[in-house]
Participant: 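Below is a structure I'd like to ask you about.
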Protein chains: 2
Amino acid sequence: MKENIPTKKKISLDDIARELGLSKSTVSRALSGKGRIGAETSARVHQYVKDMDYAPNLIARSLAQSKTYNLGVILPADSDLAEKPFFQVFLLGACEAAAANDYDVVVTVVVEKDISALKRLVHNKKVDGIILTRLLVHDLAATYLKKTGIPFLVVGSSSDDALVQIDTDHETACEKLTSLLISMGNRKTALIIGSDEHAVNVSRYRGYAMATEGSAEGLDRRIIFQNIGTKTAMDKSVEAAIREGADCILCGDDIICSQVLSKLNNMGLSIPDGIRVASFYDSAHLKYNNPPITALEIDVKELGVVAGQSLIDMISGKEIKKRTILNYQIALKRSTQ
Amino acid sequence: MKENIPTKKKISLDDIARELGLSKSTVSRALSGKGRIGAETSARVHQYVKDMDYAPNLIARSLAQSKTYNLGVILPADSDLAEKPFFQVFLLGACEAAAANDYDVVVTVVVEKDISALKRLVHNKKVDGIILTRLLVHDLAATYLKKTGIPFLVVGSSSDDALVQIDTDHETACEKLTSLLISMGNRKTALIIGSDEHAVNVSRYRGYAMATEGSAEGLDRRIIFQNIGTKTAMDKSVEAAIREGADCILCGDDIICSQVLSKLNNMGLSIPDGIRVASFYDSAHLKYNNPPITALEIDVKELGVVAGQSLIDMISGKEIKKRTILNYQIALKRSTQ
DNA sequence: TTGTATGCGTTATCAC
DNA sequence: GTGATAACGCATACAA
């Protein structure tokens, strides 16, 4: 009887073995390449597998090896972060690295004070390692993961040597940008920045402080606005900065910057004539603004790729650097000229 | 309440059974609740499990049941979409629905013409069902998934009855918004919209066309700009719209809108006095603009929740509606007054 | 109600 | 080089 109908039936190692007159283990070795295997046998198996479009059952492999070939990426769901493109672009990068290594990415969401979803993920052993995409100064997730012993890394900088870190050097970058702006003639450079519970904002603040402390005018607390989260707070900060005679406003990130721009526009201040503006983080939010905004440019997707690859290396038992620093660029635009 | 020290030893059904003088299957039934089980036995098992912090091996369960308890969410990585907050917020919603049902979310990335990552995901059987977060007019991914037989649904609207769809009724929404603007006195309402390869843009265009065709002025092709993707093209479109005497510009989405706003600002046109502006999609990009922008408001996170829950229902064999339509709101703001 | 036996599809450890 | 066979941990049809 001729069978022209392609059989949809899932085919297993057993089937292949039977069909080829071999044993399961031989077929397994032929496919994995591990252990000794005859050249001709291996060729036959590979040919058959290709012809029949054999799909190994990864679940079974997982069970046998106690490995999931999944990476966990933890995203913050706090409302102020939910729309930040950083996390999405990072995720794309991580997916790219994962796919290149035949891993997949499992996404889990946490909020600052509730990491139950993360605990569930670990408890269920659904991933071989975890990436924390944002680091808090007091980070529940990082603290928890350290105790579990599961391989993980954080995107961000910390003085905790127990953490494997991948980050841009925000502190140095912000210091350089701030210094540059001061050297360009801005005497009173204000800072409007988000929550100092976020490690990245602490780094940014430090960079800004280093630069201003070294300047002629020195650091002026009256034009520093930290923990700014709401539109109202930003508006007030801008007003206060102007009142104090700021000639330049540095924004902690892209979201803050676009709201500052809106407020300045509202106040009838033109950029760069009325006031200069720059941002410590770039994104599409700012890219097409008129005038273009001076900002730190970070290759976030690359950050995701590097983080994903590094985590896979950790899982594979390779030694990796405790701290990986990626490059940035200072893009001077018309907003500060 | 004392913190019990996490026991490192992995404990299995066998261990519990031995410890309690029961059999594996009894313990299994006690935990799953399936089949008959004595009340007292069940209580004993549950108590023991709680005390010992037992974590069932989900991989083993997957193998036994041929179920992964994973949802696949397919994200587009095309550069023009990579930073759109829609996908990120949707993903958060999907994760929420998944977590509520003890599922996890596996994210995979595709581009328009390359769905190899999706194929790998399906081939590897890493998920029980799939959500396509954007629908193209000629959608490779949807076509492929139909052939595989795996449960899946699309976020978007299609005339293909074979697709399970979840969407906002963009067509009606855009028609209503356009009609409203016309009725408010805008005689020449221009449209600047993205690729008509995206199903959503086709719907939006149809809504716009329906409304303008029914108006006094009728539909004017000279103020319709489709397939606009680059900043340059947007600038040119805005210029052309103004040249043709447009008194209002409708933007296909938030990204287009923010760039249109930038261009208008550049041209010295004030809103709403010089020209009116509205957008077919809202986001944080627009939320804090000054003046506030009239736009369609969609609860994207809720869309993600509904999509996730619906997919789980499909997987569970429940009958679900072929087409689920979610609500929207027309938010009239100062930009069109 | 509970226990026994078997299957899920691999990988790994041995002999041969 | 190759082939039985035992894990891996759970679910389930069937027997008791």
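These numbers were taken from a predicted model, which means no experiment stands behind them. Sequence lines set the chain letters: A, B, ... in the order given, protein chains first and strands last, and positions in each chain run from 1. Computation of the quantities below employed the complete heavy-atom set of this structure, encompassing side-chain atoms and omitting hydrogens, waters and symmetry-equivalent molecules.
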Participant: May I have all residue pairs that pass salt bridge (Lys or Arg N to Asp or Glu O under 4.0 Å) and include part of residues 87-96 of chain B, sequence neighbours excluded?
Facilitator: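 Matches after skipping sequence neighbours: B:Glu96-B:Lys301.
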
Participant: Quick check on D:dT12: is either OP1 or OP2 less than 4.0 Å from any side-chain nitrogen or oxygen of B:Lys34?
Facilitator: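 True: B:Lys34 side-chain N/O within range (under 4.0 Å) of D:dT12 OP1/OP2.
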
Participant: For a quick test of reading the model, state the closest non-hydrogen atom pair linking A:Val107 to B:Leu91 and the distance between them.
Facilitator: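 Heavy atoms of A:Val107 and B:Leu91 come nearest at CG1-CD2, 4.2 Å.
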
Participant: Using a cutoff of under 3.5 Å, can you pull out all pairs of nitrogen or oxygen atoms linking the protein to nucleotides 1-3 of chain D, with atom names and distances?
Facilitator:
unit_1, atom_1, unit_2, atom_2, d
D:dG1, N7, A:Arg36, NE, 2.8
D:dG1, O6, A:Arg36, NH2, 3.4
D:dT2, OP1, A:Thr41, OG1, 2.5
D:dT2, OP2, A:Gly38, N, 2.8
D:dT2, OP2, A:Thr41, OG1, 3.3
D:dG3, OP2, A:Ser23, N, 3.2
D:dG3, OP2, A:Thr26, OG1, 2.6
D:dG3, N7, A:Ser25, OG, 3.2
D:dG3, N7, A:Arg29, NH2, 2.6

Participant: May I ask you to check whether B:Ser157 and B:Arg323 show a side-chain donor-acceptor distance below 3.5 Å?
Facilitator: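 Yes, side-chain donor-acceptor contact under 3.5 Å.
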
Participant: Give, ordered by number, those residues of residues 55-71 of chain B having at least one heavy-atom distance below 4.0 Å to an atom of DNA chain C; if nothing qualifies, reply none.
Facilitator: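 Listed by number, they are B:Leu63, B:Ala64.
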
Participant: Picking from A:Ile74, A:Val127, A:Thr68, A:Val73, what satisfies side chain to side chain contact (heavy atoms under 4.5 Å, CB included) with A:Val106?
Facilitator: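 Result: among A:Ile74, A:Val127, A:Thr68, A:Val73, A:Val127 is the only option passing the side chain to side chain contact (heavy atoms under 4.5 Å, CB included) with A:Val106.
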
Participant: In whole angstroms, how far is the P atom of D:dA6 from the NZ atom of A:Lys24?
Facilitator: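 Taking NZ of A:Lys24 and P of D:dA6, I get 11 Å after rounding.
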
Participant: Does NZ belonging to A:Lys146 count more than 12 external heavy atoms closer than 6.0 Å?
Facilitator: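 Count over threshold, so yes.
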
Participant: Does a donor on one side chain sit under 3.5 Å from an acceptor on the other, for A:Ser116 and A:Asp114?
Facilitator: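 Yes, a side-chain donor-acceptor pair sits under 3.5 Å.
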
Participant: Between the opening five pairs and the closing five pairs of the helix from C:dT1-D:dA16 to C:dC16-D:dG1, how far apart are the helix axes, to 10°?
Facilitator: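 Overall, the helix from C:dT1-D:dA16 to C:dC16-D:dG1 bends by 40° from one end axis to the other.
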
Participant: For side chain to side chain contact (heavy atoms under 4.5 Å, CB included), just list the numbers for A:Val155 and A:Ile131, CA-CA rounded to whole Å, side-chain angles, deciding distance to a tenth of an Å, and then say yes or no.
Facilitator: CA-CA 7 Å; A:Val155 177; A:Ile131 299 175; 4.0 Å; yes

Participant: Is the closest side-chain donor-acceptor distance between B:Thr26 and B:Ser23 under 3.5 Å?
Facilitator: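 Yes, side-chain donor-acceptor contact under 3.5 Å.
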
Participant: Would you mind reading off the distance between A:Leu13 atom CG and D:dA4 atom C1', rounded to a whole angstrom?
Facilitator: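 Result: 15 Å.
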
Participant: Using the ring-ring contact (aromatic ring centres under 6.0 Å, His included) rule, collect all pairs that involve residues 43-79 of chain A, keeping only residues at least two apart or in two chains.
Facilitator: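 For residues 43-79 of chain A: A:Tyr69-A:Tyr103.
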
Participant: Without swapping roles, check the side chain of A:Arg134 against the backbone of A:His198 for a donor-acceptor pair under 3.5 Å.
Facilitator: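 A pair under 3.5 Å: no.
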
Participant: Closer than 4.0 angstrom, basic N to acidic O: yes or no for A:Asp78 and A:Lys84?
Facilitator: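 Looking at A:Asp78 and A:Lys84, the cut-off is not met.
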
Participant: Near A:Asn327 CG, under 6.0 Å, is it more than 12 heavy atoms from other residues, nucleotides or ligands?
Facilitator: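 Check fails, neighbour count at 12 or below.
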
Participant: Under 4.0 Å from a heavy atom of chain A: give me the 5'-most and 3'-most nucleotides of DNA chain C that qualify.
Facilitator: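 Listing 5' to 3', DNA chain C meets chain A from C:dG9 to C:dA12.
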
Participant: Heavy-atom count check: over 12 atoms from other residues, nucleotides or ligands less than 6.0 Å from A:Lys125 NZ?
Facilitator: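 No, the 6.0 Å shell around NZ holds no more than 12 heavy atoms from other groups.
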
Participant: Rounded to the Å, how far apart are B:Leu31 CG and D:dA11 P?
Facilitator: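 So the CG-P distance, B:Leu31 to D:dA11, works out to 8 Å.
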
